[in-house]
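Both backbone and side-chain heavy atoms feed into the values below; hydrogens, waters and symmetry mates do not. Each residue takes its place number in the sequence, starting with 1.
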Amino acid sequence: MVKRRQLRIFVLSLFLFFVPWASADTQFRLIVDASGSMLISDPDKLTAESLKLISDLAPEQKATLGVWLFGERARVLLPESMISSSTKSKLDDAIKSYTPGDLKTDLESIVRLLIQTPDSGDLAPGFDRHWILVTDGMVDVSLDDAVNQASRNRITDELATQLAERGVHLHTVSMTGYTDKELLQSISTLTDATHTEVATPDELLDTFDRIFSQASPSEEVPFEGNTFFIDDAIDEATLLIFHEQGVTPKIHQPNGKELSLSALNVSAVQADHYLLATVTKPMVGTWQVEDVDLERSNIRVITKLSAQATKVAPVLFVNEPIYSTVGLFQDDQLIDDPEVLDLIEVHQSLNLLNGETTKQLLKRPLLTANYQFKNKIDQITDSGNYELISEVDGKTFVRKLSQFFSVAVPIELEASKQSENLISFSAKPTNLRLNMLRSNAKLILTSNDGSEESLEMPLIGEGFWQKIYPVSPNTTLSAHVRLIGITQQGVRFEYSTPDWYLTRDGAGDVSLSQLKQEPETALATAAAVNRDLVPLVITPQVAVVATDEVDMPADNENTDEANDKEADASQIADDTAVDNEEEAPAGLSKTDWLLYGSLNGAGLLVLIGGYWLFRRVRKKRKQIDIEDK
């Protein structure tokens with residue numbers, strides 16, 4: 001009996017020895033265009049260095065990584081496996097060995113291959129899938145444009161939906177202005193990911209860094225000039241420093257000595273354009289850096305004194321409001337001491353990311369409410385990539401939170417001819433966050449004299465709205481869709497699509513265009529007075545609501561839970577659904593409900609009275625029949 005027990009213990013020990021304790025919570029699949037044009041688009045091979053950056057940023061044994069190439073055919077550059085020192089070494093050898101040279105760009109084949117490729121590595125339940133696609137071309141599988149268009153349609157209609165259903169975030173990166181931006185952007189929007197068009201290859205590193213931040217958010221301490229402050233609550237600091245090629249940046253500790261990258265508490269990776277250094281138990285005080293691109297660099301930290309904010313959805317819709325809450329935590333416990341909170345200042349800023357330039361749209365202080373700092377940002381009117389920065393200044397410590405997201409139009413309106421006078425209008429969602437069953441779409445038709453016709457658009461299944469409209473002879477009008485949208489989290493917003501223009505001369509065919517061919521004074525005047533016809537503002541605009549005016553969600557039970565003094569660190573991170581709910585549910589107003597209730601009540605009384613009268617008449621007739629007999 002004793003021998004059997006000893007044997008079992010021995011076998012179990014062997015099992016635990018060989019089975020890894022940790023499992024990966026993120027899957028990175030990197031997909032690189034291997035067409036010959038990439039030699040011109042990326043002569044310094046910054047794509048390869050960007051692949052290396054992802055492997056260096058991801059913690060070992062916490063993520064898997066695989067690299068694929070595509071061009072005339074799809075192929076594996078690095079088989080997917082758990083990130084480790086061995087994986088990083090194999091990646092270094094792999095990226096040195098491949099040279100772009102394919103003649104075609106078969107995007108469909110690589111997407112289809114990756115969908116069919118099973119997951120590899122020890123992945124934790126509910127892991128995140130972040131795939132990054134880099135290309136400088138368009139779908140180019142044939143000299144026949146019809147063949148290319150058919151492949152493109154299969155990507156958008158079939159494969160993109162499969163990616164979204166599998167929970168894949170397919171981030172796309174355009175290396176040139178010649179890529180199929182509409183195709184890449186639609187895939188990324190549908191899969192809750194970002195599309196980035198880089199102006200120069202140098203921007204690839206910044207783009208990959210932002211994508212990693214989306215996949216694995218972390219706290220930071222900000223740069224103040226060329227210095228940054230480390231407080232005693234910080235257990236680990238990771239410096240990602242971008243610099244010019246051939247330049248060796250310097251990091252000075254608070255005691256004035258230069259940080260040695262070979263020190264026992266330092267783990268460092270040096271590349272041509274970046275330095276990544278992780279310091280455990282960093283020295284408390286003010287640090288200084290030299291020969292560093294400060295605007296691009298950052299310092300991620302692990303700390304016992306943390307600031308956390310509600311999550312922002314990876315893709316927001318145009319005009320959708322953002323409800324943001326920032327809380328301060330000590331050892332995962334919400335700090336609720338008013339004297340402490342009175343000493344803390346929190347600012348939020350919203351930036352539009354446009355290639356090498358960053359445009360600040362707003363910056364404002366936040367006030368406390370229920371031991372947290374709250375803000376509402378409304379009316380982001382332009383699609384694009386954005387960064388919401390929350391900065392916490394506690395006098396003796398500073399924290400920075402960077403949240404990256406995209407803003408996209410919620411629906412796209414398509415118009416097509418069904419016959420010489422019948423036009424089919426279809427409004428299709430761009431992202432599955434739109435609750436189709438609770439949202440409403442109306443087709444607005446405007447004639448030359450400014451008169452409007454509003455038509456309800458039926459929902460076809462749960463996929464899209466559609467309306468068939470007959471165009472009368474000698475008609476010129478514009479058409480757009482007015483959407484009252486509700487997200488899956490219950491947030492209400494409004495949006496109007498760009499116009500389609502329809503013209504039918506006599507009894508001939510209808511001509512369709514999204515560009516107005518002939519200016520009409522009457523239509524332009526109508527557009528000036530009718531807000532639904534005003535085009536989307538090109539320059540992004542935001543409306544900021546003061547903290548004391550913010551209408552936070554009215555779900556008292558959930559709000560109280562989120563604001564509870566005993567809240568832990570995960571609550572603020574996971575209460576997006578709570579903080580993104582409207583104060584009042586979308587639908588009819590109280591006046592409408594009273595009106596419809598009165599009408600329904602009156603109708604019910606009429607039915608009851610009619611039925612009672614019918615019974616009386618019928619009873620009298622029976623009595624007359626009995627007396628006659």
| Heavy-atom side-chain contact between Gln27 and Trp131 under 4.5 Å | yes

| Would you call the rings of His130 and Phe28 parallel, tilted or perpendicular, where under 30° means parallel and over 60° means perpendicular? | tilted

| query | With Asp128, which residues qualify under salt bridge (charged side-chain N to carboxylate O under 4.0 Å, His left out), at least two apart? | reply | none

| If you round to the nearest 0.5 Å, how far is OG of Ser349 from CD of Gln360? | 5.0 Å

| message | Holding to side chain to side chain contact (heavy atoms under 4.5 Å, CB included), I want the full list of residues that pass it with Ala307, two or more places apart in sequence or in another chain. | response | Glu219, Leu328, Val392, Arg399, Leu401

| task | Report the residues that fulfil side chain to side chain contact (heavy atoms under 4.5 Å, CB included) with Leu432, sequence neighbours left out, ordered by chain and then residue number. | result | Ala164, Leu190

| Does Leu170 offer a backbone N or O that forms a donor-acceptor pair with the side chain of Thr191 under 3.5 Å? | yes

| How far apart are the C-alpha atoms of Asn351 and Thr358, what are their side-chain angles, what is the distance that settles it, and do they pass the side chain to side chain donor-acceptor pair (under 3.5 Å) test? | CA-CA 6 Å; Asn351 299 328; Thr358 297; over 6 Å; no

| said: Has Thr196 got a side-chain atom pairing as donor or acceptor with Val173's backbone, closer than 3.5 angstrom? | reply: no

| side chain to side chain contact (heavy atoms under 4.5 Å, CB included) partners of Ser216, counting only residues at least two apart | Phe212

| Taking it one step at a time, do Asn421 and Arg504 satisfy side-chain contact (heavy atoms from CB on, under 4.5 Å)? | CA-CA 8 Å; Asn421 72 319; Arg504 189 182 184 196; 3.3 Å; yes

| request: Look only at the side chain of Arg29 and the backbone of Leu114, and say whether a donor-acceptor pair between them is shorter than 3.5 Å. | output: yes

| message | I'd like to know whether CD of Glu420 has more than 12 heavy-atom contacts from other residues, nucleotides or ligands below 6.0 angstrom. | response | yes

| field | Spacing of Thr497 atom OG1 and Glu412 atom CD [to the nearest 0.5 Å] | value | 10.0 Å

| message | So Glu453 and Leu455, do their side chains get closer than 4.5 Å, heavy atoms only? | response | yes

| Side-chain donor/acceptor of Asn440 to backbone N/O of Gly485, under 3.5 Å | no

| Going by atom types only, do Asp140 and Thr105 share a side-chain donor-acceptor pair under 3.5 Å? | no

| query | Between Asn298 and Asp209, do the side chains contain an N or O donor and an N or O acceptor separated by less than 3.5 Å? | reply | yes

| Can you tell me if Asn148 uses its side chain to pair, donor with acceptor, with the backbone of Val141 under 3.5 Å? | yes

| query | Going through the distances and angles, do Asp119 and Arg129 end up as a side-chain contact (heavy atoms from CB on, under 4.5 Å)? | reply | CA-CA 10 Å; Asp119 301 321; Arg129 303 175 189 267; 2.7 Å; yes

| field | Interatomic spacing from CG in Leu350 to OH in Tyr386 - rounded to 0.5 Å | value | 7.0 Å

| Do NZ/NE/NH1/NH2 and the carboxylate oxygens of Glu158 and Arg112 come within less than 4.0 Å? | yes

| message | Side chains of Thr357 and Lys359, heavy atoms from C-beta outward: is any pair under 4.5 Å? | response | no

| note | Residue set satisfying salt bridge (charged side-chain N to carboxylate O under 4.0 Å, His left out) with Glu456, at least two apart, ordered chain then number -> none

| request: Find the distance between CE (Met38) and OG1 (Thr176) and round it off to the nearest 0.5 Å. | output: 9.5 Å

| request: Would you tell me whether Asn375 and Gln348 have side-chain atoms, one donor and one acceptor, within less than 3.5 Å of each other? | output: yes

| said: Could you check whether Arg482 makes a cation-pi contact with Tyr495, meaning its NZ or CZ is under 6.0 Å from the centre of the six-membered ring and within 45° of the ring axis? | reply: no

| task | For Thr430, check side chain to side chain donor-acceptor pair (under 3.5 Å) against everything at least two apart and list the hits. | result | none

| query | Does Asp206 have any salt bridge (charged side-chain N to carboxylate O under 4.0 Å, His left out) partners at least two apart in sequence or in another chain, and if so, which? | reply | Arg296

| field | Test item: Thr475 side-chain N/O and Ser472 main-chain N/O as donor-acceptor pair under 3.5 Å | value | yes

| message | Within the structure provided, determine whether Thr47 and Leu204 are in side-chain contact (heavy-atom separation under 4.5 Å). | response | yes

| message | I'd like to know if the side chain of Arg210 reaches the main chain of Ser213, judged simply by a donor and an acceptor atom lying under 3.5 Å from each other, with no hydrogens or angles considered. | response | no

| field | Pairs involving residues 170-181, ordered by first then second residue, that meet salt bridge (charged side-chain N to carboxylate O under 4.0 Å, His left out) (sequence neighbours left out) | value | Arg152-Asp180, Lys181-Glu197

| task | Decide yes or no on side chain to side chain donor-acceptor pair (under 3.5 Å) for Gln149 and Asp145, but give the supporting numbers first. | result | CA-CA 6 Å; Gln149 185 59 42; Asp145 290 339; over 6 Å; no

| message | Among residues at least two apart in sequence or on other chains, which ones pass side chain to side chain contact (heavy atoms under 4.5 Å, CB included) with Gln214? | response | His171, Thr194, Phe404

| Nearest heavy-atom neighbours spanning Tyr178 and Met138 | O-CG, 3.0 Å

| query | Is any side-chain heavy atom of Phe70 less than 4.5 Å from a side-chain heavy atom of Leu133? | reply | yes

| Quick one: does Val346's side chain get under 4.5 Å of Pro365's, heavy atoms only? | no

| said: Quick check on side-chain contact (heavy atoms from CB on, under 4.5 Å): which of Leu107, Leu184, Ile31 does Thr135 satisfy it with? | reply: Leu184

| task | Look at atom CG of Leu143 and say whether more than 12 heavy atoms of other residues, nucleotides or ligands are closer to it than 6.0 Å. | result | no

| message | Check this for me, if you would: do Lys400 and Glu391 make a salt bridge, where the nitrogen-to-carboxylate-oxygen distance has to be below 4.0 angstrom? | response | no

| pair Val134-Asp33: side-chain heavy atoms closer than 4.5 Å | no

| query | Sub-3.5 Å donor-acceptor pair from the side chain of Asp102 to the main-chain atoms of Glu72, do we have one? | reply | yes

| Residue among Asp192, Thr189, Thr487 satisfying side-chain hydrogen bond (donor to acceptor under 3.5 Å, both in side chains) with Asn431 | Asp192

| So, Ser451 side chain and Ser447 main chain: donor-acceptor pair closer than 3.5 Å or not? | no

| field | Test side chain to side chain donor-acceptor pair (under 3.5 Å) applied to Ser188 - qualifying residues, sequence neighbours left out | value | Thr172

| note | Residues passing the side chain to side chain donor-acceptor pair (under 3.5 Å) test with Ser142, sequence neighbours excluded, are none

| So, does Lys417 use its side chain to make a donor-acceptor pair with the main chain of Val510 at under 3.5 Å? | yes

| query | Rounded to the nearest 0.5 Å, how far does NE2 of His480 lie from OG1 of Thr446? | reply | 6.5 Å

| request: Give every residue pair that meets the salt bridge (charged side-chain N to carboxylate O under 4.0 Å, His left out) criterion with at least one member in residues 421-430, sequence neighbours excluded. | output: Glu414-Lys428

| To the nearest 0.5 Å, what is the distance between CG (Leu163) and CD1 (Ile115)? | 4.0 Å

